[in-house]
Amino acid sequence: MDEQTVRPYAEAHAAAIAGGDVDHAVADLDEPLRAPMASMIAQLSSVTTSADIVSVEPADDAAVVVIRYSGTGTETTIRSVWKQVGGRPLIVEAAPA
């Protein structure tokens, strides 16, 4: 997956977390991840005031996106793998970087 395809989705995802839009952020996850990661996203969103895309690395049928989330006295970096699922990029894997 190329950067032009995934970057707008990753930027919208980062903005959703920074803006407290948990529903949007959870909708960016592939279905198997939604339930297990929803509370983590809600917690991350509650302490995040800004988010920056650190990198987008294309990799065959996926893209690896690194996003840094910042808030008052906190900073978390997440590495996520995005793949085309149902016609749009979704996060299929995520972990602290």
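- No side-chain heavy atom of I67 sits less than 4.5 Å from a side-chain heavy atom of I17.
- Note that CG of L33 and CG of D28 are 11.5 Å apart. Values are rounded to the nearest 0.5 Å.
- Across R7 and V56, no two heavy atoms sit closer than the pair NH2-CG2, 3.7 Å.
- Among all heavy-atom pairs drawn from M37 and A94, the shortest one is CE-CB, 3.7 Å.
- A 4.5 Å side-chain heavy-atom check between T74 and T76 finds every atom pair outside the cut-off.
- V26 and V92 are assigned to two separate hydrophobic clusters, defined by single-linkage of ILVMFWY side chains at heavy-atom distances under 4.5 Å.
- T49 OG1 to Y69 OH: the interatomic distance, rounded to the nearest 0.5 Å, is 13.0 Å.
- Summarising the geometry of A42 relative to V22, their closest heavy-atom pair is CA-CG2, 3.9 Å, with the distance given to 0.1 Å.
- In this structure, the side chains of H13 and V65 stay at 4.5 Å or more apart for every pair of heavy atoms.
- Hydrophobic clustering (side-chain heavy atoms under 4.5 Å, transitive across Ile, Leu, Val, Met, Phe, Trp, Tyr) keeps M1 apart from V81.
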*Give the intermediate values and the outcome of salt bridge (Lys or Arg N to Asp or Glu O under 4.0 Å) for residues D60 and K83.*
CA-CA 10 Å; D60 294 327; K83 288 188 175 185; over 6 Å; no
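- V66 and I91 sit in two unconnected hydrophobic clusters of ILVMFWY residues. Membership requires side-chain heavy atoms under 4.5 Å apart, directly or through other members.
- Judged purely by atom type and a 3.5 angstrom limit, R34 uses its side chain to pair as donor or acceptor with the backbone of L29.
- Across A25 and A16, no two heavy atoms sit closer than the pair N-CB, 4.1 Å.
- Across all their heavy atoms, A18 and A51 have their closest contact at CB-N, 4.1 Å.
- For the atom pair E3 CD and I53 CD1, the distance stands at 9.5 Å (nearest 0.5 Å).
- Proximity of a side-chain donor or acceptor of D30 to a complementary backbone N or O of P32 within less than 3.5 Å is not detected.
- Other residues, nucleotides and ligands contribute over 12 non-hydrogen atoms within 6.0 Å of the CD atom of E75.
- The shortest side-chain heavy-atom distance between Q84 and D61 does not fall under the 4.5 Å cut-off.
- Pairing each heavy atom of P89 with each of Y9, the nearest pair is CD-CE1, 3.4 Å.
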